[in-house]
Amino acid sequence: MKTVAIRFEHVGRRFATEARGEVWAVRDLDLHCDAGKVTCLVGPSGCGKTTLLRLAAGLDRPTTGRVFMNGETIAGPTAGIGLLSQEGDLLPWRRVIDNIAMGLELRGVPRAERHAQARRVLEQVRLPPEVAHSHPHELSGGMRQRVALARALCHDPRVLLMDEPFASLDEQTRERLHGEFIELWQSEPRTVLLVTHSVEEAVLLADRVVVMAAGRLTADFAVASARPRDVFQPDMIELLRRVRSALKSEPEAASSPVARGAGRKIQI
Amino acid sequence: MTARLTSWLRKAARGALLPLAVLDLWWLAARHSVVIPSIASVMDVLAHPFCEPPALDSTSLASGVAVSLLRVVLGFGLAAASGIPIGLLIGRCRAVNEMLSPSIAALMVISPVAWLPVTILVFGLSSPAAACFGDNAWQHGLLDQLRFAVLAVIWMSAFFPVALNTAAGVRGVREAHVEAARVLGASPGQLIRKIILPGAAPSILTGLRLGAGVAWRVIIAAEIFPGTRSGLGYMIVTAQEQGRYEYAFAAIVIIGVIGLALDGLLRAAAWPLGRWQAAQR
């Protein structure tokens, strides 16, 4: 029997904007993410993907409905979640090792122990040990994202929330990171909720692709192909066509000002 | 000679041009005036900082420096200790910002020295020594010179730059960093200690530098006011009244050197932060 790790139950999130009055970023949405599976949310900008991820992370609260994590209602950020954003959001004044070990530091783990764990994770994300003492600005974009992934994994979360983590990378780095991410996930399957603009990325990485538009779920595709996948496989080409078709059939999102930091947002 | 050394020497030579020109003008002016002291006489005062000339109430240059510095350190310390937490509140809490910002905007345009009559009215000539030892305060010379009225003016001069720069720095901390730490399990106290204060540190240090500079300028002006009987400002006024301009000039040189040292010290403290801040731009 499948275990559900994240469940959205009749979830709605409304914002008051200065320019457009009240806007529903997410409306009456039901979704469950199976434990140990990769679920990808795809959709146009402003369709509510990031809002949904923030609700799952406990960084925001739904206006209507409830969000459950492993059966418990989410009332705020909880232990057991790792979050990876587009920019990585590493702390620029901290060395790489201290960035990675931050979650453990906040839990009071002794320095030697947390550094040892951080070095193990650094190796898992295929970064050389000497990077540990660098500052984030001394690294390339791909390396910074690897460090951010290491930080999200260091406290061994069972659920990983990823908000367009590969979007700011060049194509070659992105492809390499896709492969490494899947290897990492296969070595220890965690529940992953991944938000992306890229349909290719979604079908390459996910067990399930969910299409969103205007704050609602509009299509849901199971991806059964074995990994590693290739977008030129016939079944992948067909899946890509169907997902793209689902995206095109929906109108542009009516609610746009939901991305973090985009314009002023007032919580109702 | 390496290129680095050549570049450093060129930079030093350019920086020394103006001071050398001023020294030249001073030398010329001293030769043609009986009032302006010679460079040698000023150097002589600087070389004997513990000399206590009877014409200047038997106060030495060293004691003047000690009293002025102690006043600034105490007043500035109080300003930093109060300005950083209040700036943090202004930066993080909208209600506090809306409550304090109009008052701060109105108060900060008033020259701190203008408050001296008010602080003298409030505190009189009381000092920490008077508060602790009552009538025997005069026996605790240095402590008795730290008038609350002057300390309050120093506090006021440094408080606004420290508080406002802290608030600006706190507002500039990326919300994404705060949220990343929240997801990693940071408590409100940990958020302040590990994210907000380090993130705002460059701006806080700028505020401290500005505050220290203003406090140092204001102390000299405050000591010139009647009622103060010690410090570098008092020495300048007394030297002028007694026609001992070499002491006034020596005090001015010392004021410049200490101001430069204070700024250098705070710049050095801010240097490690500057590296990641520059990389962020």
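Computed from a predicted model, the values in this text were never measured in an experiment. Order of the sequence lines fixes the chain letters, A, B, ..., with proteins taken first and strands second; residue numbering starts at 1 for each chain.
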Residue by residue, which of residues 104-118 of chain A have a heavy atom closer than 4.5 Å to a heavy atom belonging to chain B? A/E105, A/L106, A/R107

Side chains of B/P198 and A/R94: closer than 4.5 Å at any heavy-atom pair?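 When only atoms from C-beta onward are counted, A/R94 and B/P198 do not touch, as no gap falls below 4.5 Å.
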
Enclosure of A/E72 CD (heavy-atom neighbours >12, cutoff 6.0 Å):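 No, the 6.0 Å shell around CD holds no more than 12 heavy atoms from other groups.
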
So, for A/W93 and B/G199, which heavy atoms are closest and what is the spacing to 0.1 Å? CZ3-CA, 3.5 Å

Between A/D89 and B/R174, which heavy-atom pair has the shortest distance, and what is it? OD1-NH2, 2.9 Å

Chain A neighbours within residues 182-193 of chain B, where any heavy atom lies under 4.5 Å away: B/R182, B/V183, B/L184, B/G185, B/A186, B/Q190

Residue from A/G76, A/G103, A/G58 scoring the most non-hydrogen pairs under 4.5 Å with chain B is A/G103

How long is the span from the NZ atom in B/K194 to the CG atom in A/L91, to the nearest 0.5 Å? 11.0 Å

Got a second to check how far A/M102's CE is from B/I195's CD1, nearest 0.5 Å?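 The CD1 atom of B/I195 is 3.5 Å from CE of A/M102, to the nearest 0.5 Å.
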
